[in-house]
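One structure is given below, encoded as structure tokens.
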2 protein chains.
Amino acid sequence: MTGVQPYHHGDLRRVLIDHAVAAIAENGFERLSLRDLARRANVSHAAPAYHFTDRTGLLTAVAAQGYRLLGDELDEILRETNSFLEVGVGYVRFAVAHPAHFDVMFRPALYRDDPDLAEQRDRTMAILRAGAGTVDLAAATGQSTKDSEAAGLAGWFFCHGLVTLYRSEVLAANSPAELETLARRAANVLFS
Amino acid sequence: MTGVQPYHHGDLRRVLIDHAVAAIAENGFERLSLRDLARRANVSHAAPAYHFTDRTGLLTAVAAQGYRLLGDELDEILRETNSFLEVGVGYVRFAVAHPAHFDVMFRPALYRDDPDLAEQRDRTMAILRAGAGTVDLAAATGQSTKDSEAAGLAGWFFCHGLVTLYRSEVLAANSPAELETLARRAANVLFS
DNA sequence: GACTCAATCTTGTCACTGACAAGATTCGCC
DNA sequence: GGCGAATCTTGTCAGTGACAAGATTGAGTC
């Protein structure tokens, strides 16, 4: 016997978010159930509402955590490599490694305005924009390219489309390895 | 008085799909309710089940219709212009004009295998691949580009990422006009 | 050590939903 | 006019999100 559960869980908020991320990765956010999360955490069906108010609040927390994780990763990559190409690789890797976060982050109808989320999102977007400034497509294409912000956007669109379509299962690639092969082929056309 | 509704609706399947598309465009597929659709169509709450079996069946029908619509549009564009650039424009325009279809189509977890859907999807993907063959990036970039399939993929990734991010409301663009401006700037970097 | 108050969790309830079963109505066809 | 299939209705059940009210616990204070 492990004894009865203590009335105060102690770390319920974090545990619920972790279970939510796992559940979303398994079944998609559309099948996410607060009561199922409560069961997984061995608390009553109304316990989640205390920490998140409602379903939207939970997804808001997931999105904020996602932006924080992505921001941290991209920030580190950019500081270490100063390469927007590597930022793009990190972006794709994040989407594959954290599908639940990625899904929720880019579906703002699922969550609501929140100071923490807004801060993390703006920080992450700023990193993407700053990274764009490091792009030197002119050297690659042999043409003058003054619009470095647009170059960064173009790279972002490419990466986002690539990984979104991969996860939609409409590409020939069905594994991260095949995804990388396909990404290299397509990127060579644009950036070589 | 408009009189009682006839027992047989006559065109219920089509009407339900239309209402579903409208409802998804308004509130997203996650809030789509079969009973709400039944109310909109003035039929009993179980009527939709006859035509679609369940919620998944309804979304399967929506996805199939979406692939059919997109395939028709892209086919016409390709035959008339023979330009993959115009196919890309049509792709983006479709996503903006038919957000409900677009959302469901690229979320295969929402629907199931279906002969009609598979046929329409494969046809549409074939058009995208055929269009890729018309790309002549070599002339644009001044480099030899034998991998025309990869060029088509790259263009697809760009368009898909562009419109997906636009609809995620994380871009500076907040209207189709601003989207076009942004798209031109980004595309100029890659394709000029 | 007891009092107090806020934080945290539980129990109970309600309307809504998807799925299913069984029955009613109507259409097409012979 | 009769029969079977197609189409729709009624009734029901378990599961869900939201809300209200109450129970338990922890932290600080005297």
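Letters go in sequence order (proteins before strands), and every chain restarts at 1. Hydrogens, waters and symmetry mates are skipped; everything else that's a heavy atom, side chains included, is used.
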* Taking only the side-chain heavy atoms of His45(B) (C-beta and beyond), determine which of dA20(D), dA18(D), dC20(C) contains the nearest atom. => dC20(C)
* Structure fact -> Taken in chain and number order and not counting sequence neighbours, the residues that satisfy ring pair (Phe, Tyr, Trp, His ring centres under 6.0 Å) with Phe102(B) are Tyr91(B), Phe106(B), His160(B)
* **d(CZ, Arg35(B); C1', dA19(C)) in whole Å** => 9 Å
* Structure fact -> Ala46(B) has its side chain closest, among dT10(D), dT17(C), dT10(C), to dT10(D)
* Using a cut-off of 4.0 Å on non-hydrogen atoms, how would the nucleic acid contact of Arg31(A) be classed: base, sugar-phosphate, or nothing? -> nothing
* Phosphate-side-chain proximity, Tyr50(B) and dC8(D), N/O vs OP1/OP2 below 4.0 Å -> no
* To do: Give one of base, sugar-phosphate or nothing for Leu32(A), where a contact means two heavy atoms less than 4.0 Å apart.
  => sugar-phosphate
* CG of Asp11(A): more than 12 outside heavy atoms within 6.0 angstrom? -> yes
* Rounding to a whole Å, what distance do you find between Leu37(A):CG and dG15(D):P? -> 16 Å
* Asked: When you match Thr53(A) and Leu12(B) each to their closest nucleotide on DNA chain D, which lands nearer the 5' end?
  -> Leu12(B)
* d(CD, Glu30(A); P, dT17(C)) in whole Å -> 18 Å
* Asked: Nearest to the side chain of Ala47(A) - dA19(C), dT10(C), dT16(D)?
  -> dT10(C)
* Spacing between Leu16(A) atom CG and dT8(C) atom P, to the nearest angstrom -> 13 Å
* Structure fact -> Looking only at dC8(D), dG18(C), dT16(D), the nucleotide nearest the Ser33(B) side chain is dG18(C)
* Structure fact -> Among dA18(D), dA19(C), dT9(D), the one nearest any side-chain atom of Arg55(B) is dA19(C)
* Mind running salt bridge (Lys or Arg N to Asp or Glu O under 4.0 Å) on Arg14(B) and Asp18(B) for me, showing each step along the way? => CA-CA 6 Å; Arg14(B) 176 179 301 271; Asp18(B) 290 348; 5.8 Å; no
* To do: Check whether any side-chain nitrogen or oxygen of His51(A) sits under 4.0 Å from OP1 or OP2 of dA7(C), and answer yes or no.
  => no
* Asked: Do Tyr67(A) side-chain atoms and His101(A) backbone N/O form a donor-acceptor pair below 3.5 Å?
  -> no
